[in-house]
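What follows is a single structure, written as structure tokens, with notes after it.
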Amino acid sequence: QNLKIKNKEIKIYFIKHHLCHASMSYYSNFSKAGVFTNDGFGEKETSTLSILNNSKLKKVESNFFPHSLGSFYSTFTEYCGFKPQNEEWKLMGASSYYNNDKIYRMIKNLIELKPNGKFELDLNFFNHYQFHRPRYFNQKLIEYLQIDPRENDKNDMQKKYFYIANAAQKVFEDVYFHQINYLSRVAKTPNLVVSGGCAMNCVANGKIHKKTSFKNIFVSPVPDDSGACLGAVAYLQKNIFKNKKNINVKNFYLGPSFTNKEIENKLKKYQIKYKFIKNIEKHVAKEISSGKVVAWFQNRLEFGDRALGNRSILGDPRNKKIKDLINSKIKYREKFRPFAPAILKEFIGSYFEEKKESKYMELALKFKKKVISKVPGVVHVDKTGRLQSVDKNYNPKFYNLINEFYKLTNIPIILNTSFNIQGEPIVCSIEDAIKNFYLSGLDKMYIGDFEISK
């Protein structure tokens with residue numbers, strides 16, 4: 001379609017939703033790969049299985065609405081008192097605590113696995129396809145589970161809701177791997193690309209190597225709908241404009257950044273006391289090692305939902321009480337939610353059972369038993385961590401900070417979580433950082449080369 005603006009003709013291309021997700025495969029630089037997309041829905045599709053072969057994407061299978069794995073997971077997100085299509089990561093965090101085989105079998109009976117990577121929900125128990133739905137589940141599901149839905153997420157989670165979270169995660173994985181394993185049989189390649197909102201489930205992603213025959217896995221850095229624009233651009237480049245070059249992105253720090261001068265002018269404007277720090281990575285490493293929990297605001301904002309060391313809250317992973325401290329006094333969120341270990345890339349094999357890079361916190365991997373006592377602050381209840389592998393060339397400043405911490409403590413890991421408080425987006429501007437710092441229980445903030453204390 002063409003559009004005229006001020007006598008200039010602009011071409012507009014419409015690319016299908018799941019094709020945008022699948023086109024994130026071009027960022028993997030695989031010449032051949034199985035491509036798996038999965039989410040709530042886009043147009044009519046809820047998941048697709050495709051094969052990438054020398055820049056050509058060939059779809060081999062689709063699932064269609066209302067049979068949606070994303071909506072299934074959102075249903076139990078809401079059942080446990082969280083916001084559907086918004087707070088699924090809370091359900092994922094809660095899923096590791098308690099299990100109940102009876103609840104798992106009951107929820108498993110709500111989905112039927114079909115040949116060729118297909119599946120169907122028992123729609124008698126779901127409302128997600130109803131136009132005027134009051135919520136994702138219906139009365140029949142309540143009667144079936146014999147557990148009243150949790151109406152208020154401000155209350156502590158009772159064990160029965162942890163059972164539901166655990167069962168929903170397990171059934172999610174049953175379907176996830178049913179689809180991926182079918183794809184592996186038809187794609188006949190060791191390479192896999194995963195995208196779509198369901199690819200935010202790092203617990204499931206961390207099991208792909210063990211549960212399937214795929215050896216090399218690329219999970220989209222921004223797998224949900226906010227990254228669909230990148231897929232659309234990649235599809236145009238490869239299929240419409242016939243660009244044969246690989247699409248190389250140096251990093252996904254694509255947001256705004258601020259110079260020291262700009263930062264200093266803002267601090268003066270708001271009459272905030274500050275101190276210039278000459279060697280800030282070394283200084284901050286020492287502060288963290290002494291028990292301080294700090295905000296770290298540097299360079300360009302990350303693109304996506306996960307803070308990758310530029311808009312982060314950082315702490316000492318050796319402190320077994322730090323998770324409770326940050327959840328209760330800084331982030332003001334549920335106490336069961338874990339934090340990510342940001343680890344120097346070269347030490348992954350020393351701390352985790354699988355030596356797999358995870359630049360974008362896309363994988364949750366098992367810690368080796370012998371190191372768990374060294375970093376209890378970043379070990380989840382299931383002995384996993386949603387790691388961020390930090391590369392010197394990818395983010396040199398954050399790498400240097402962790403390396404300075406390593407020199408002081410012999411631990412090549414720092415606790416990393418997003419710089420925001422519950423209900424707020426990750427901070428973007430200097431003003432955002434100042435507001436969030438003073439609204440939280442953080443000890444110090446490092447913005448550019450400046451230290452701010454309370």
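Position 1 is the first residue of the sequence, and the numbers go up from there.
Geometrically, K170 engages Y104 in a cation-pi contact defined by less than 6.0 Å to the ring centre and at most 45° from the axis. Under the 6.0 Å distance and 45° angle rule, K44 does not count as a cation-pi partner of F64. Stacking of K359 on the aromatic ring of Y394 is recorded, both the 6.0 Å distance cut-off and the 45° axial limit being met.
In terms of heavy-atom proximity, S195 sits nearest to M24 at OG-CG, 3.8 Å. Of all heavy-atom pairs between Q85 and S74, the closest is N-OG, 3.5 Å. When all heavy atoms of L49 and L183 are compared, the closest pair comes out as CB-CD1, 4.0 Å. Residue G117 comes nearest to N63 through the heavy atom pair O-ND2, 3.2 Å, listed as atom of the first residue, atom of the second, then distance. Across all non-hydrogen atoms, the minimal contact from F352 to L387 is CZ-CB, 3.9 Å. Annotation for L192 and F30: closest pair O-CE1, 3.7 Å, computed over non-hydrogen atoms.
Comment: K16 does not engage E43 in a salt bridge, judged by the lack of any side-chain N to carboxylate O separation of less than 4.0 angstrom. A salt bridge is defined here as a Lys NZ or Arg NE, NH1 or NH2 lying under 4.0 Å from an Asp or Glu carboxylate O, and K207 with E173 meets this definition. Under the 4.0 Å criterion applied to side-chain N and carboxylate O atoms, D391 and K345 are assigned as salt-bridge partners. K356 has no carboxylate O lying under 4.0 Å from a charged side-chain N of E362, or vice versa, which leaves the two without a salt bridge. Using a 4.0 Å cut-off between charged nitrogen and carboxylate oxygen, E143 and K140 do not count as a salt-bridge pair.
Side chain of Y79 to backbone of I147: a donor-acceptor contact under 3.5 angstrom is found. Judged by distance alone, the side chain of Y98 and the main-chain N or O of Y161 form no donor-acceptor pair under 3.5 Å. In this structure a side-chain-to-backbone donor-acceptor pair under 3.5 Å is missing from N239 to K56. Using modelled atom types, no side-chain atom of Y136 and backbone atom of Y73 make a donor-acceptor pair closer than 3.5 Å. A donor-acceptor contact shorter than 3.5 Å links the side chain of N191 to the backbone of K32. Side chain of K90 to backbone of R337: no donor-acceptor contact under 3.5 angstrom is found. Side chain of N100 to backbone of I103: a donor-acceptor contact under 3.5 angstrom is found. Panel note: side chain E45, backbone S62; no donor-acceptor pair is recorded below 3.5 Å. Within the 3.5 Å criterion, the main-chain N or O of T46 finds no donor-acceptor partner in the side chain of S68. Judged purely by atom type and a 3.5 angstrom limit, R300 uses its side chain to pair as donor or acceptor with the backbone of G255.
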**Prompt:** Under the side chain to side chain donor-acceptor pair (under 3.5 Å) criterion, do N416 and S312 qualify, and how do the steps go?
**Reply:** CA-CA 6 Å; N416 178 20; S312 290; 2.7 Å; yes
Intermediate values then yes/no, ring-ring contact (aromatic ring centres under 6.0 Å, His included), F72 and H67: CA-CA 8 Å; F72 164 86; H67 301 292; over 10 Å; no
Item to check | Trace of the side chain to side chain contact (heavy atoms under 4.5 Å, CB included) decision for I142 with D148 | outcome: CA-CA 6 Å; I142 299 172; D148 288 333; 4.1 Å; yes
### Task
Starting from the C-alpha separation in whole Å, work towards a yes-or-no answer on side chain to side chain contact (heavy atoms under 4.5 Å, CB included) for T48 and E61.
CA-CA 6 Å; T48 63; E61 204 60 80; over 6 Å; no
Tell me, with the steps shown, if F405 and N403 meet side chain to side chain contact (heavy atoms under 4.5 Å, CB included). CA-CA 5 Å; F405 184 80; N403 195 41; over 6 Å; no
task = Would you sort out whether Y253 and N395 count as a side chain to side chain contact (heavy atoms under 4.5 Å, CB included), showing the intermediate values?
result = CA-CA 9 Å; Y253 301 100; N395 190 333; 2.9 Å; yes
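For the atom pair CG (N53) and OG (S31), the distance works out to 7.5 Å, reported to the nearest 0.5 Å. One finds the CD atom of Q169 at 11.5 Å from the CD1 atom of I107 (value rounded to the nearest 0.5 Å). To the nearest 0.5 Å, atoms OG1 (T417) and CD1 (I322) are separated by 10.5 Å. Remark: L314 CG to I288 CD1 distance equals 4.5 Å, nearest 0.5 Å. Atom-to-atom distance recorded for I164:CD1 and C80:SG is 5.0 Å, nearest 0.5 angstrom.
Side-chain contact check for I411 versus P317: some heavy-atom pair is nearer than 4.5 Å. Side-chain atoms of S96 and N166, non-hydrogen and from C-beta on, never get closer than 4.5 Å to each other. R386 places none of its side-chain heavy atoms less than 4.5 Å from the side chain of V378. Y97 is listed as a side-chain neighbour of H380, based on a closest heavy-atom distance under 4.5 Å. Between K331 and N420 the shortest side-chain heavy-atom distance falls below 4.5 Å. Using a 4.5 Å heavy-atom threshold, the side chains of Y399 and N393 count as separate. Looking at heavy atoms from C-beta onward, F162 lies in side-chain contact with M157 at the 4.5 angstrom threshold. Residues D305 and D224 are in side-chain contact: their nearest non-hydrogen atoms beyond the backbone lie under 4.5 Å apart.
Just one residue in the list F214, Y182, F218, Y176 forms a ring pair (Phe, Tyr, Trp, His ring centres under 6.0 Å) with F36, and that residue is Y176. Screening N38, T37, D225 for a side-chain hydrogen bond (donor to acceptor under 3.5 Å, both in side chains) with H21, the sole residue that qualifies is D225.
S358 and Q388 form no side-chain donor-acceptor contact under 3.5 Å, judged by distance and modelled atom types alone. Side chains of D122 and N124: a donor on one and an acceptor on the other come within 3.5 Å.
Counting non-hydrogen atoms of neighbouring residues, nucleotides and ligands closer than 6.0 angstrom, the NZ atom of K392 reaches no more than 12 such neighbours. For K242, the NZ atom counts as densely surrounded, since its 6.0 Å shell holds more than 12 non-hydrogen atoms of other residues, nucleotides or ligands. Other residues, nucleotides and ligands contribute over 12 non-hydrogen atoms within 6.0 Å of the NZ atom of K368.
Ring to ring, F347 and Y406 are close: their centroids are under 6.0 angstrom apart. Ring pair Y13/Y235: centre-to-centre distance not below 6.0 Å. Outside the 6.0 Å centre-distance limit, the rings of H17 and F41 are not counted as a close aromatic pair. No close placement of the F76 and F172 rings is indicated, their centers lying 6.0 Å or farther apart.
Y446 and W296 have tilted rings, their planes meeting at an angle from 30° to 60° on a 0 to 90° scale. Ring geometry, Y360 versus F252: the interplanar angle exceeds 60°, so the pair is classed perpendicular (tilted spans 30 to 60°). The aromatic rings of F419 and F297 stand perpendicular to each other, their planes meeting at an angle above 60°, with 30° marking the opposite boundary.
Partners of E353 under the side-chain hydrogen bond (donor to acceptor under 3.5 Å, both in side chains) rule, at least two apart in sequence or in another chain, do not exist in this structure.
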